[in-house]
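Reviewing the structure listed below.
Because only heavy atoms are used, hydrogens play no part in the values below, and waters and symmetry mates are left out as well, while side chains stay in. These numbers were taken from a predicted model, which means no experiment stands behind them. A, B, ... follow the sequence lines: proteins, then strands. Residue 1 opens every chain.
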Number of protein chains: 2
Amino acid sequence: MGGSEIRRTMPLFPIGIVMQLADLSARQIRYYEEHELISPARTEGNRRLFSLNDIDRLLEIKDLLEQGINMAGIKKILAVSQKESVERDPVAKKPEMTDDELRTLLKKEMLSPGKISRSSLRAGDLSRFFR
Amino acid sequence: MGGSEIRRTMPLFPIGIVMQLADLSARQIRYYEEHELISPARTEGNRRLFSLNDIDRLLEIKDLLEQGINMAGIKKILAVSQKESVERDPVAKKPEMTDDELRTLLKKEMLSPGKISRSSLRAGDLSRFFR
DNA sequence: ATTTAATGTGAGAAAACCTAACATGTTATT
DNA sequence: AATAACATGTTAGGTTTTCTCACATTAAAT
């Protein structure tokens, strides 16, 4: 788990917000969880709390569903794409990075990106909103 | 209005999450709102929804309060700092935490994921976590 | 000793979310 | 065409979270 992992996996959003961000119904989101495509955290009182990773994943699921892929297929695909993203993550791949390398990386992360309209959210977009 | 305004002003977080992120009680947060130091959005059902800007602001308020400044003073200061942050280049902005300090913090986070010490969070830091 | 400022606490109400069950609309299969 | 499987809608009843409002408490200033 790299440095950015911490933020991206922080359970922050209630389902109501996620519904808006991903444009999905509560029923859909819970259904995907039922099929183990996502595993949002829970509060002490059992309310779901979603991370940015969860939301990105939901956008991916939505995308794949629209391509006619079913739960089983999506599950397989997501399992692969997750493995890939871990291998591709520069921080995760080089945990023994020198201080200067890490410093350079962090500076790059601090750069401000441009604006994006929320209504046109697609899989992967969220990672550009939040880092 | 800068490009990043859209994301940073998006009402996303319920008060429960903000309490954890800023390490403040609900009472404190509502009190600051009562004194117009923050103006979180509301759901249709009247629940507060905080943006990243709101949370940064809360961290600033906390900071200023610890310095012994009262509501009135903080209000004035925040009015100024807001104006400045709009006019100032966000990248060139002088950090409250040096890059070295941030790097050290992030390293610690990488070693124990999910165990970010909230107390180490200060005003403005959040904008580096989320973009 | 008061007053003021910031925060704690509790009550009662409402919103948001939970699970579970059943219903509906599609698509695939027989 | 009938049936089955899949994804989603809907409703019901219950729990958690948040709301406002009021009163209490603590610490600092007068």
| query | Quick one: Leu65(B) CG to dA28(D) P, roughly how many Å, whole number? | reply | 14 Å
| said: Just the rounded figure in Å: distance from P of dC6(D) to CD of Gln28(A). | reply: 17 Å
| Among dT19(C), dT20(D), dA16(C), which nucleotide sits nearest the side chain of Arg48(B)? | dT20(D)
| Heavy-atom distance under 4.5 Å between the side chains of Leu12(B) and Leu21(A), does that happen here? | yes
| message | Counting only side-chain heavy atoms from C-beta out, which of dA5(C), dT8(D), dT18(D) sits nearest to Ile15(B)? | response | dT18(D)
| query | What is the distance from CD1 of Ile69(A) to P of dC6(D), rounded to the nearest Å? | reply | 16 Å
| query | Expressed in angstrom and rounded to an integer, what is the separation of Asn46(A) atom CG from dT19(C) atom P? | reply | 5 Å
| How long is the line joining CD of Glu44(A) and P of dT16(D), in whole Å? | 11 Å
| query | Do Leu65(A) and Gln28(A) come within less than 4.5 Å of each other through their side chains, counting heavy atoms only? | reply | no
| task | Compare all side-chain heavy atoms of Tyr32(B) with those of Leu24(B) and state whether any distance is below 4.5 angstrom. | result | yes
| field | Of Arg27(A), Arg57(A), Arg48(A), the residue whose pairing with Glu33(A) passes salt bridge (Lys or Arg N to Asp or Glu O under 4.0 Å) | value | Arg48(A)
| In whole angstroms, how far is the P atom of dA28(C) from the CE atom of Met71(A)? | 15 Å
| Of the candidate nucleotides dT7(C), dC19(D), dG8(C), which contains the atom at the shortest distance from the side chain of Ser25(B)? | dG8(C)
| said: Measure CD/Glu34(B) against C1'/dC19(D) and give the value in whole Å, please. | reply: 13 Å
| query | Of all the choices, dT8(D), dG14(D), dA6(C), which nucleotide is nearest to the side chain of Arg47(A) once you look at every atom? | reply | dG14(D)
| said: dT20(D), OP1 or OP2 - any side-chain N/O from Arg42(B) closer than 4.0 Å? | reply: yes
| Which nucleotide in the list dT19(C), dG9(D), dT20(D) gets nearest to the side chain of Arg27(A)? | dG9(D)
| query | If you measure from CG on Leu64(A) to NZ on Lys75(A), what distance do you get to the nearest 0.5 Å? | reply | 15.0 Å
| message | So Arg30(A), base contact, sugar-phosphate only, or nothing? Heavy-atom distance under 4.0 Å. | response | base
| said: Both His35(B) and Gly45(B) contact DNA chain C. Taking the nearest nucleotide for each, which residue is further toward the 5' end? | reply: His35(B)
| said: Starting the side chain at C-beta, find the nucleotide from dT7(C), dT18(D), dG9(D) nearest to Tyr31(B). | reply: dT7(C)
| Atom CD of Glu66(B) and atom C1' of dA6(C): how far apart are they, to the nearest Å? | 13 Å
| field | Residue closer to the 5' end of DNA chain C, Leu24(B) versus Thr43(B) (nearest nucleotide) | value | Leu24(B)
